[in-house]
Amino acid sequence: MTRTPNIVTGTIGDDIHSFGIKVIEHALDNAGFKVFPLGIQVAQEDFIRAAIEADASAILVSSMSGHARLLCEGFRARCIEAGLDDIVLYVGGTLSTGDMTWEEIEPLFRGMGFTRAFPPTSLPGEIVEALRQDLLAVSEE
Amino acid sequence: MTRTPNIVTGTIGDDIHSFGIKVIEHALDNAGFKVFPLGIQVAQEDFIRAAIEADASAILVSSMSGHARLLCEGFRARCIEAGLDDIVLYVGGTLSTGDMTWEEIEPLFRGMGFTRAFPPTSLPGEIVEALRQDLLAVSEE
Amino acid sequence: MGIENIKIDDDRFMQMRKAVLGSYKTGAEVDIEDGIAYQKALPTHKVLAHELKNAREGNYTLGHNLTGQSTAQSQFEFLECLQNDGGAGLLQCLYDSYTRTGRFEHLENVIAQCEREGKNLLNGFPLVNYGVAGNRKLVEALDRPVGALGPAVDSRLASEIALASGYTQLVDNTYIVFETYTKSATLEEIMGNFQYSLRLAGYYTERGAPIAVTVATGAAGDNAPGVAPPSLGTAGRVLGALAAAAQGVRHMIAVNWSFGNIAQDVASSFVTQKLIGEYLERFGHEGIELYMENGCLGGPYPYDWDQAFAEVMYAGIVSALSNSQMCQVKTFDEATGIPTMQNQARSLKGARMMYRIMRTPDLDFRNAPDTRREMEMEEREARAIIEKVLELGDGDPLKGALKAYEFGIMDNPVANNPRVKSAVMGVKDATGAVRYLDTGNLPFDEEIKAFHRDRIRQREGRMNRPASYDTIVADMRAIASGDWLAA
Amino acid sequence: MGIENIKIDDDRFMQMRKAVLGSYKTGAEVDIEDGIAYQKALPTHKVLAHELKNAREGNYTLGHNLTGQSTAQSQFEFLECLQNDGGAGLLQCLYDSYTRTGRFEHLENVIAQCEREGKNLLNGFPLVNYGVAGNRKLVEALDRPVGALGPAVDSRLASEIALASGYTQLVDNTYIVFETYTKSATLEEIMGNFQYSLRLAGYYTERGAPIAVTVATGAAGDNAPGVAPPSLGTAGRVLGALAAAAQGVRHMIAVNWSFGNIAQDVASSFVTQKLIGEYLERFGHEGIELYMENGCLGGPYPYDWDQAFAEVMYAGIVSALSNSQMCQVKTFDEATGIPTMQNQARSLKGARMMYRIMRTPDLDFRNAPDTRREMEMEEREARAIIEKVLELGDGDPLKGALKAYEFGIMDNPVANNPRVKSAVMGVKDATGAVRYLDTGNLPFDEEIKAFHRDRIRQREGRMNRPASYDTIVADMRAIASGDWLAA
Ligand code: B12
Ligand code: B12
């Protein structure tokens with residue numbers, strides 16, 4: 001990694017839970033990333049537009065409202081459409097509605113093209129570390 | 001029933017839980033029975049001896065300590081030995097140790113020769129009523 | 001025409017209503033006169049205003065939680081379970097995020113899919129789509145008062161359908177929505193929409209169908225847990241009560257969320273009631289019934305169900321010690337995901353028992369020295385904010401509130417809306433009470449500021465490092481893992 | 001030779017010990033010097049006296065419940081679960097009724113059967129039968145302090161085995177055993193036996209192996225729930241502390257069970273501590289550490305687990321508001337039968353969380369007006385009893401206690417022992433506080449009596465009938481069905 005990676009963050013769709021993503025933004029900032037926080041209720045298109053504008057290496061999508069599944073469908077396809085083929089795409093939060101287990105949830109979101117999915121127990125430190133590795137992997141490709 | 005029935009009461013063996021049986025004694029007293037309370041920690045032999053002395057129609061055995069099963073074994077046989085063939089024999093309280101259900105407990109104690117067994121949810125009124133009926137049945141035989 | 005805190009006149013109201021009812025097809029089912037008649041025919045045990053009065057007289061609590069299922073059938077089953085197994089005193093329908101944003105057409109398909117596949121894809125009950133007929137069925141099938149809420153910029157149509165269907169409670173969420181639930185809407189827009197719902201409640205009430213309204217609150221315990229001391233919320237509640245009273249609301253509920261220090265939490269209930277009473281009087285409102293409600297602690301809950309159960313029951317304790325009539329209960333599977341109905345019912349039952357245990361009708365907890373100190377401080381703070389708001393509004397609380405956010409006189413440390421200054425910041429002191437780490441632009445005198453500073457210093461002394469944003473995050477993590485305050 | 005409250009001299013003690021150790025074969029395993037050496041080698045986190053000190057300094061609670069399984073293996077599994085899943089601060093072994101009556105031979109067979117068939121036929125852990133070797137294994141396999149208890153007329157051998165095995169806590173149950181656990185034993189006999197155990201604890205303590213002792217209590221909340229106002233218990237605890245101090249005990253725990261009115265319950269904790277401190281000083285005892293423990297409500301629990309969970313957590317609340325170091329927790333399946341280890345652990349966890357939530361180090365709950373009034377009344381009552389006891393004993397608390405029961409100066413309304421007068425009777429007032437319906441022969445002045453009478457009148461007024469035995473029964477039934485007081 002030669003330059004400080006730019007990271008776009010926000011909560012998706014109808015979601016107004018901001019504590020989680022704010023905590024992550026704070027950690028990323030401390031870890032030397034450049035964060036572009038889009039705030040709450042961000043549409044897929046807006047994430048992608050902001051990522052292009054910021055020449056971002058990753059998009060971090062937070063979803064706690066219970067609508068993650070409905071709202072994240074097609075995100076990767078839209079990225080590819082927009083030319084962001086390799087962009088690192090994370091999703092995290094309370095991703096289930098109903099009684100799905102994490103073992104069921106994770107493959108669902110990876111299947112949708114997310115690089116990683118994070119449960120609500122994930123700590124900011126873990127997230128920063130994972131991001132470092134994934135960005136390194138991308139830059140080495 | 002021509003005379004006031006005499007009733008012997010007490011807690012069996014090692015048992016010191018007295019509230020339950022005291023409440024019942026109070027109810028029996030109010031209902032016109034003559035109660036002979038033996039107090040706590042009464043041995044089978046002492047129940048029987050007292051029943052003979054009092055010419056009792058029923059023995060009410062309370063057990064809450066968790067040892068009911070160990071302590072009630074052979075009670076009916078001892079009554080018969082002592083010539084109290086028809087005496088009404090009730091047991092009540094927290095009769096299980098471990099995780100037996102009431103569906104398992106009740107037949108166990110009836111099998112031991114108790115006329116009836118009562119769970120901890122039983123109300124004094126219910127007990128008095130049952131006793132009235134059972135004594136009537138005996139006197140009609 | 002700007003917002004003013006005066007009753008919307010009937011003609012204008014009827015005109016506004018036409019537009020609202022026309023915005024989606026089920027609006028056509030609403031006939032306000034029929035709605036009033038329907039309400040008046042309800043048995044009193046289904047009317048929250050009556051139930052609240054009984055609760056006050058009988059010294060008990062109406063427990064409830066928020067429930068929103070994707071279909072009418074599952075909403076009914078859920079509420080029936082809360083009623084029968086949980087002993088709920090109010091059955092509150094929380095509507096979903098699509099309903100809150102008016103995406104009713106879109107919802108038709110999702111609801112159809114949910115009904116077909118037995119799925120639960122929504123985060124609330126799509127109340128509007130089910131129309132008056134559907135909602136009346138719900139009200140009739142249940143045996144307790146039903147209420148509606150869903151913090152949204154515009155919930156006017158939902159309010160219309162709810163009241164016409166026999167719901168007897170509404171919630172004014174003006175300030176919470178502005179601070180937390182939108183990043184673009186203006187306060188004026190939101191306030192106008194809620195003013196409409198308040199007027200609707202007033203209209204029913206004036207015609208003999210009493211609607212209980214939970215008045216607006218400022219930066220609340222659940223929206224800014226552990227980061228906004230209670231005076232901000234209390235100031236908002238006083239403004240909320242004035243807004244409701246102006247529109248003819250006569251049965252009010254003030255809701256306080258908890259922060260985690262029992263003296264501060266109970267004090268806040270009493271300050272809220274005292275100040276609302278006082279300001280209602282000052283504005284000439286008479287004959288208003290004010291009831292108190294306490295909510296759970298906001299913020300993340302422990303994943304461990306037993307620890308969470310204990311935390312959930314705190315609401316019952318605060319309610320009991322505050323002599324409140326209502327108690328809003330989270331569930332012990334709060335951290336796990338959308339709670340099941342059984343777990344909601346169990347949590348309710350536990351909290352009600354706790355309320356009974358802690359309720360000692362003559363316990364004068366408010367006269368404990370710590371409670372008294374908290375009351376004094378909070379009262380001074382809230383009063384300073386309210387007076388400044390009134391000053392900014394030339395005596396009009398709503399006009400004042402509109403300006404107050406611009407100047408940071410009303411504020412929320414973790415607002416999602418960039419129109420809110422977010423210049424204040426709170427943190428817990430060594431006793432778990434929330435204090436101002438930064439008073440931003442709040443109109444506080446030096447003594448108040450020093451009080452908060454001292455209290456934070458005590459905690460800093462114990463932690464051996466300055467209190468900061470990291471302390472807040474660490475405190476949240478502490479609770480989520482079954483601890484109380486971060487060391 | 002009659003009982004006196006003076007230290008048993010070492011020679012006589014060693015002689016007595018010989019007889020005790022000879023009463024069953026495992027007694028031969030006890031070598032007191034080896035026992036002391038073993039205790040001194042324990043890591044401090046297994047020594048209750050140390051843990052109590054840490055709890056006081058760190059403002060936390062050591063939660064525990066009572067556990068007794070039929071075999072060493074299942075006792076270990078049970079305690080390990082409480083330790084790991086429940087976060088227990090003390091692992092207390094309750095021994096079974098046969099152990100309490102010295103039926104060790106008989107137990108051999110029962111234990112063999114339990115081990116063979118994996119059954120649990122006993123109501124406690126047969127501690128004596130497992131001897132020093134067996135009990136040390138238990139202590140070594142666990143990671144918290146282990147304690148022993150089992151209210152019995154004679155638990156001298158059990159105490160010997162426990163202390164030699166590394167148990168660091170004992171419980172003096174003199175008055176409870178006399179009142180509740182026997183219908184034939186004399187107080188003199190029971191007192192003598194406990195004096196032996198106290199001396200044993202003192203002996204270890206004097207030689208550098210501190211044993212924490214839970215001092216005796218009078219008519220307690222769990223033995224006479226809702227029928228004996230707290231002053232009877234408190235008087236007993238003061239006498240208990242004097243008895244323990246005389247035998248060289250230096251680390252004391254006073255345990256208060258709860259009655260159900262938070263002001264009265266918390267007040268009682270403070271009165272207990274105040275009076276014990278004062279009388280210890282008066283009798284010239286210095287350097288004694290006194291810790292406070294609160295127990296759950298006694299009496300029947302609800303069959304509903306969620307309501308029972310709430311009730312169980314009340315112990316955490318009282319402990320927290322009393323600034324106590326220990327908290328004894330029942331389980332939410334209390335009414336169901338012998339609790340499972342998982343449910344015990346879950347209850348402990350919940351109560352500890354509740355303690356954390358309610359713990360606000362500077363909350364001066366004792367200065368709330370109701371708490372203060374309760375403290376004043378209880379202190380006067382307890383003091384009157386204690387002074388009269390001392391007078392009867394010519395200054396000797398134990399001699400006094402022996403006479404006090406004869407005269408009904410110490411009493412228990414629901415005693416099982418005909419040697420106890422049972423002339424007093426208590427009932428709950430309208431706030432759930434327990435009051436004297438009948439003061440029997442208690443040496444109370446008119447003002448005290450009038451206070452209780454007035455309070456009961458208030459309840460009678462609400463019930464519209466006189467308070468009586470039926471009220472007590474109705475109150476018990478009310479709680480068991482999830483209510484609080486009978487209407
Ligand atoms: C606080 C809170 C709120 C606050 C939010 C305030 C705010 N400004 O954020 C308020 C009260 C406003 C709120 C509202 C609602 N809430 Co809410 N809320 C919570 C609560 C109690 C805590 C969340 C929190 O702040 N945690 C602390 C932060 C620091 O942790 P976090 O958010 O989990 O974030 C961490 C991880 O998840 C992860 N993470 C999060 N995002 C991302 C993103 C990426 C890319 C990565 C890598 C990691 C990651 O890392 C973070 C840091 O460790 C949770 C339950 C709980 N956990 O106890 C419910 C909860 C999340 N809410 C829930 C619901 C349903 C709602 C509502 C929809 C209710 C309703 N119907 O009105 C509304 C939201 C409406 C909407 N449009 O979004 C549900 C979600 C259920 C589900 N998804 O299955 C929960 C689980 C409660 C429940 N059991 O019902 N809520
Ligand atoms: C109060 C109480 C005590 C008090 C008793 C004081 C006293 N003087 O009575 C004290 C603290 C002393 C005590 C001690 C112990 N207790 Co206890 N105690 C209880 C408790 C909390 C309430 C019982 C009560 O008073 N209920 C109120 C009365 C009015 O109801 P009742 O007793 O159930 O009686 C009614 C019915 O059962 C029935 N009934 C009872 N007897 C009879 C008899 C007849 C003939 C009939 C028809 C009906 C009947 O009718 C009664 C009126 O409605 C229960 C748990 C609970 N229920 O919540 C545990 C409980 C009964 N105790 C229990 C135990 C284990 C003990 C101990 C053994 C603990 C120990 N190891 O030291 C000791 C007893 C030692 C001994 N040797 O007996 C267990 C029993 C477990 C089991 N059997 O499976 C219980 C269930 C608690 C538990 N979950 O562990 N206890």
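Please read all numbers here as calculations on a predicted model, not as lab measurements. Numbers restart at 1 for each chain; the letters A, B, ... are given by sequence-line order, proteins then strands.
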Do you know the tightest heavy-atom contact between C/G350 and D/A310?
-> O-CB, 3.4 Å
Is it the backbone or the side chain of D/L348 that comes under 4.5 Å from a heavy atom of chain C, or both, or neither?
-> neither
Please report the shortest heavy-atom distance between D/A368 and C/P369, naming the atom on each side.
-> N-CD, 4.1 Å
Trace of the side-chain contact (heavy atoms from CB on, under 4.5 Å) decision for C/M313 with D/F309 | CA-CA 10 Å; C/M313 261 173 280; D/F309 201 105; 4.0 Å; yes
Shortest non-hydrogen contact from D/M358 toward C/Y314 | SD-CE1, 3.8 Å
Part of D/D483 within contact of chain C (heavy atom distance under 4.5 Å) = both
Highest number of heavy-atom pairs under 4.5 Å with chain D among C/R352, C/E311, C/M354 belongs to C/M354
Nearest-0.5 Å distance, CG of residue D/D306 to CG of residue C/D85 = 10.0 Å
Main-chain N/O of D/G482 paired to C/R356 side chain as donor or acceptor, under 3.5 Å | yes
Where do C/M353 and D/I479 come nearest, in terms of heavy atoms and distance?
-> CE-O, 4.4 Å
Which atoms of C/L485 come close to chain D, meaning under 4.5 Å heavy atom to heavy atom: side chain ones, backbone ones, both, or neither?
-> neither
